[in-house]
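A quick write-up on the structure given underneath.
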Amino acid sequence: MDMRRLPPERARRTWARARSGTAHAARSVRREAAEGWTAARRAPRRTVVAETLAVVLTAALGLIPLLLMRPDRPVLAVLEALYVACLMPLRRYRPVQAVLGTGPLLVGPNVWVLAVIPLIVLSATRRIAPPRRAWRAAGIACAVCAALTITGSLIVPGAWVEDLAGNVASAVLLVLLPALAGTLLGRRRPLVSLLRERNTYLEQARSLTAAAARMEERTRIAGEMHDLLGHRLSLISVHAGALEMAAARKAPPLAGQAELLRTTAGTAMEELRDILGLLRREEATSESERDRGTREDVSALVAESRQAGVAVELDWSVPDTADPSPRTRQSMHRVVREGLTNVLKHASGAPTRVEVRNRDGGIEVAVTNEAPRAGRSPQPGNRSGLVGLEERIALLGGSFTAGPLPDGGFRVVALLPSRPNGIPTAAVPPPPASEPAGGRTVRTGTRPPLSTEVLTWPRVLGAGCAAALVILPTATFLIILLTTAVLR
């Protein structure tokens, strides 16, 4: 159209529309470039490296064979190789445009780029939802291939029927079949995701059920201990108080022993309350539990044993700068208390030594007593306290030994790590955080999953197997096509 023959007003409107269309196209290109750059910056480094490598390999596949076998139209073949390299990253961020862009490749002179078309279509259609959009894009690509074939036959006369038949076969094998496989895999992905969600949901439900049952049993045990032991210890404390008052009036030398009996019963009541509190809650230890295992706490245990008539010496060589974990301190308290209790029961009056010192990056706690005095009859025992100590220390990653000495004494030794690696598992594990992984969101199972009819392994596996079977004709066709190009 000659703009000089148009009226001035109409010519200005035509020029304005042309400039507006050009500006709109330029803005669209800039917007697409900006969005692509933003997506590339936000993508994980691994994804960027993989996409860059895929583009380089695609360009190499389309360009290197041209050096060995010169095509009829080399410039167009080079442009086609560069064009397919540009389509490769689009399959991830613009899958519909990537599928549409494969149409002109089917009629180009570069036969080597045909090997990349199924990969682009397969990868792109997996990301298109719903599937009808993928089929629409694949159909448009095949229509573009047919239109270009007919247009080319009009420009360059020749056997256009054979060219059209060959390009139609290429479109079916290189576009439609990979699109079918991609849609099958695209359906498989949400099924696998939902199956993972169901598994996470059921794991959390199982953990909550186990925690509730465990808490109910602990509450029942705490109630039984409170009703039975609490009542008996209260009676012992009351009678010990009365005995102390009576001994102060009638037998002053026994007043100290009676006072020790009363204070020991009170301490037992406090420890019972701490144990009941621990049974009734899952977490934090009480203040008294955190204060155990210190030098003052072990010294108090030694002082109580001395009041009970045991000659005990304390050798504490751990520096004050050392800061063992609360679990290690609790175990130190338990070892010393169990060792001194065994001395009172089985070797009353025997000289005893309590040693706490650093060793091999940990803390060694030892309670050693000499042979019991003659005439003393030891109380029977079942070694349940030592077995419990061994289990506790094994959970911390330490070592425990207990046994008689050649001179008739007995020694209890525990080597405890200052900072145990093992952390006791919580009753209810926290749900995994949702985070992007490879461009998709990982479900955490925070809502009930769908019905069982949707999530079945035959459907999940069947989608992958069917996709593999669909790809077989495409692979066979590509092998034959490339072999023919090489032999020609």
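Everything numeric in this text was worked out from a predicted model, so none of it was measured. If you read the sequence from its start, that first residue is 1, and numbering goes on from there.
- For the side chain to side chain contact (heavy atoms under 4.5 Å, CB included) test, residues two or more places apart in sequence or in another chain that qualify with L82 are L63, V78.
- Listed by chain and residue number, E259, L260 satisfy the side chain to side chain contact (heavy atoms under 4.5 Å, CB included) test with T263 (two or more places apart in sequence, or in another chain).
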In a table with atom names and distances, give each donor-acceptor pair under 3.5 Å that connects a side chain of residues 113-140 to protein atoms at least two apart or in another chain.
unit_1	atom_1	unit_2	atom_2	d
S123	OG	R91	NE	3.1
S123	OG	R127	NH1	2.7
T125	OG1	V121	O	2.7
T125	OG1	L122	O	3.3
R127	NH1	S123	O	2.8

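- Counting only residues at least two apart or in different chains, salt bridge (Lys or Arg N to Asp or Glu O under 4.0 Å) contacts with residues 398-417 comprise E355-R411.
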Tabulate below the donor-acceptor pairs under 3.5 Å that side-chain atoms of residues 385-394 make, not counting sequence neighbours, or state none.
none

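- Looking at residues two or more places apart in sequence or on another chain, you find a side chain to side chain donor-acceptor pair (under 3.5 Å) between E203 and R206.
- Listed by chain and number, the residues in a side chain to side chain contact (heavy atoms under 4.5 Å, CB included) with T341 are R337, K345 (sequence neighbours excluded).
- Residues passing the side chain to side chain contact (heavy atoms under 4.5 Å, CB included) test with V49, sequence neighbours excluded: R45.
- Applying the side-chain hydrogen bond (donor to acceptor under 3.5 Å, both in side chains) definition to pairs two or more places apart or across chains, those involving residues 308-318 are E313-R353, D315-R353.
- No option in L415, V365, V412 other than V412 meets the side chain to side chain contact (heavy atoms under 4.5 Å, CB included) test with F400.
- By the side chain to side chain donor-acceptor pair (under 3.5 Å) test, E364 pairs with R357, R359, sequence neighbours left out.
- For S325, the side chain to side chain donor-acceptor pair (under 3.5 Å) partners are T328, not counting sequence neighbours.
- Summarising the geometry of L173 relative to L177, their closest heavy-atom pair is CD2-CD1, 3.6 Å, with the distance given to 0.1 Å.
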